[in-house]
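Structure first, then comments.
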Amino acid sequence: MLTTENKTQLITLLQIELLTWFEGSKRDLPFRRTKNPYAIWISEIMAQQTQIDTLIPYYTHFIELFPDVAALALATEDQVIKAWEGLGYYSRARNLHKAAKIIMSDYDGCMPDTFSGLIKLPGIGPYTGGAIASIAFNEKVSAVDGNVLRVICRYCNSFMDIGEAKTKKIVTQWVEAILPEAAGNFNEGLMELGAVICTPQSPKCLVCPVRLGCQSFACGTTGELPVKKKKQKQVRKEMEVGILKHQGELFFVRRPSSGLLAGMWSFPIVETTTDTGVDIKRKLEEYFPELSDPVFIGESRHVFSHIIWEMKLYQFELPSGVFESPESYTFGKDKETLPIRTQFKSLDAIDDLALPVAFSKLLILL
DNA sequence: GAGACGTGGCC
DNA sequence: TGGCCAAGTCT
């Protein structure tokens with residue numbers, strides 16, 4: 001990193017210009033109008049792997065529903081996941097809830113106010129701990145996310161692979177070493193710069209406040225940086241979805257408490273090789289022996305970060321009569337049990353069910 | 001270290 | 001369309 005003789009000058013330029021630019025140009029975001037550690041915590045968790053524009057409505061709603069740690073701890077996990085519905089990476093919501101309970105029980109209701117205290121909480125890793133500690137508590141620690149990695153690697157014209165842990169370690173140490181007193185603003189400024197100027201594609205170097213010190217700009221390598229090795233393609237899976245209708249209601253099942261879409265509501269769904277509806281019929285027959293034959297009603301694709309579901313929907317009917325909703329339902333290899341596993345619900349009464357997009361987008365096909 | 005873990009936007 | 005990307009953490 002930065003081996004030139006005018007290293008000190010370049011670092012000073014970065015510090016001064018970045019802080020000045022951030023002060024004058026930062027976006028007006030709801031969580032920038034507060035120093036409330038709780039609010040900043042929520043915003044930082046939501047910001048993980050998520051663009052700011054996406055999270056804003058969720059943030060506002062979440063703070064209204066759960067205005068402080070106590071309110072969050074008092075809520076049910078179902079309520080918290082429901083508030084996260086559509087945001088993705090749902091373990092973030094479950095960890096948030098767990099952490100709130102821990103803060104109430106082990107910390108007398110007060111959030112830890114140091115980096116080392118914060119990262120002990122579930123869902124708070126080195127980035128989030130650094131962000132909360134520096135922004136809300138003025139601790140002089142770094143917060144290195146994808147933006148910071150990109151900005152620093154470009155500024156130093158470094159060709160290290162930002163996907164490697166080693167790179168993150170080096171960049172973290174580098175930032176720690178040049179951190180000014182206003183560490184929170186510096187961290188946020190680095191991220192803001194990465195988000196609006198030093199973007200992955202087509203960085204806006206001509207309006208960049210630190211271009212005069214940027215070694216990548218000077219060398220004309222901004223198109224090659226940062227170096228990041230490609231990730232693997234998603235695995236395609238053929239899935240059969242069972243739409244079980246009975247007296248105007250649909251059959252929903254709750255997913256296991258760990259793994260993909262953990263704890264969320266779902267239609268019965270199985271991976272298939274036959275592609276005819278027989279696999280999902282066999283699954284449903286475990287719980288409803290008197291089942292009609294499958295009727296194909298449509299198909300849909302859903303792309304996750306690591307899987308692609310090619311879904312075929314099959315509708316089933318139950319003979320007239322009363323059918324109890326089964327107490328248990330298993331997806332195959334799930335271990336932990338959650339309170340309510342299955343439910344018959346009419347479409348206009350599913351507001352309290354946390355339904356992932358993979359399934360909510362199927363509703364228009366019904 | 002590598003893989004699991006969502007979703008929406010962009011080209 | 002398909003691939004890539006976005007304020008990461010946990011296992």
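By convention in this document, chain letters (A, B, ...) are assigned in the order of the sequence lines, proteins followed by strands, and residues within each chain are numbered from 1. Worth knowing before you read on, the calculation uses all heavy atoms, side chains too, and leaves out hydrogens, waters and symmetry mates.
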Identify whether NZ of Lys or CZ of Arg in A:Arg254 sits under 6.0 Å from the centre of the six-membered ring of A:Tyr329 and within 45° of that ring's axis.
-> no

Side-chain N,O (A:Lys231) to OP1/OP2 (C:dC4) below 4.0 Å | no

Establish whether A:Tyr89 and A:Trp309 are linked, either directly or via other cluster members, by ILVMFWY side-chain heavy-atom contacts under 4.5 Å.
-> no

Please list residues of residues 193-207 of chain A whose heavy atoms come under 4.0 Å from any atom in DNA chain B, ordered by number; otherwise none.
-> none

Quick one: hydrophobic cluster around A:Ile308, which other residues, with the 4.5 Å side-chain cut-off, linked directly or via members?
-> A:Val303

Atom pair distance, as rounded to whole Å: CH2 in A:Trp41 and C1' in C:dG8 = 16 Å

Please give, in whole Å, the distance from B:dA4 C1' to A:Asn95 CG?
-> 14 Å

Figure out the NZ/P separation between A:Lys230 and B:dA2, and round it to whole Å.
-> 17 Å

Look at all strands and tell whether A:Arg32 reaches a base, only sugar-phosphate, or nothing, counting heavy atoms closer than 4.0 Å.
-> base

Distance only, no hydrogens: is a donor on one side chain within 3.5 Å (strictly under) of an acceptor on the other, for A:Ser346 and A:Glu249?
-> no

Are the side chain of A:Ser216 and the backbone N or O of A:Thr222 linked by a donor-acceptor pair below 3.5 Å?
-> yes

Indicate, with a heavy-atom threshold strictly under 4.0 Å, whether A:Ala143 touches base, sugar-phosphate, or nothing.
-> nothing

Cut-off 3.5 Å, no hydrogens considered: what does the side-chain donor-acceptor table look like for residues 13-24 of chain A, sequence neighbours left out?
residue : atom : partner  : partner atom : Å
A:Gln15 : NE2  : A:Ile178 : O            : 2.5
A:Thr20 : OG1  : A:Ile16  : O            : 2.7

Any chance you could list the contact pattern along nucleotides 5-10 of chain B? Use B for base contacts, S for sugar-phosphate-only contacts and - for none, protein heavy atoms under 4.0 Å, 5' to 3'.
-> BBBS--

Separation of the P atoms in B:dG6 and C:dT1, to the nearest angstrom = 24 Å

Has A:Lys228 got a side-chain N or O lying under 4.0 Å from the OP1 or OP2 atom of C:dA6?
-> yes

What residues 18-28 of chain A contributes to the DNA chain C interface at heavy-atom separation below 4.0 Å is A:Arg27

Using whole Å, report how far NZ of A:Lys233 lies from C1' of C:dT1.
-> 12 Å

Residues which pass salt bridge (charged side-chain N to carboxylate O under 4.0 Å, His left out) with A:Glu286, listed by chain and number, not counting sequence neighbours | A:Lys283

Among pairs that include at least one residue of residues 193-250 of chain A, which meet ring-ring contact (aromatic ring centres under 6.0 Å, His included), considering only residues two or more places apart or in two chains?
-> A:His246-A:Phe323

Nearest-Å distance for atom pair CG/C1', residues A:Leu149 and C:dC5 | 14 Å

Other hydrophobic cluster members with A:Phe159, side-chain heavy atoms of Ile/Leu/Val/Met/Phe/Trp/Tyr under 4.5 Å, chained?
-> A:Leu225, A:Val227

Not counting sequence neighbours, which residues clear salt bridge (charged side-chain N to carboxylate O under 4.0 Å, His left out) with A:Glu290? List them please.
-> none

Do any side-chain nitrogens or oxygens of A:Arg150 fall under 4.0 Å of OP1 or OP2 in C:dA6?
-> yes

Please identify each residue that fulfils salt bridge (charged side-chain N to carboxylate O under 4.0 Å, His left out) with A:Lys166, with sequence neighbours left out.
-> A:Glu164

For DNA chain B, find the residues of residues 114-132 of chain A with a heavy-atom distance under 4.0 Å and give them by number; none if there aren't any.
-> none

Atom NZ of A:Lys345: over 12 foreign heavy atoms under 6.0 Å | yes

Do A:Glu240 and A:Thr272 get their side chains close enough for a donor-acceptor pair, meaning under 3.5 Å?
-> yes

Enumerate donor-acceptor pairs with a distance under 3.5 Å from any side-chain N or O in residues 119-128 of chain A to protein atoms, sequence neighbours excluded.
residue  : atom : partner  : partner atom : Å
A:Lys120 : NZ   : A:Ser116 : O            : 3.4
A:Tyr127 : OH   : A:Glu44  : OE1          : 2.5
A:Thr128 : OG1  : A:Gln48  : NE2          : 2.9

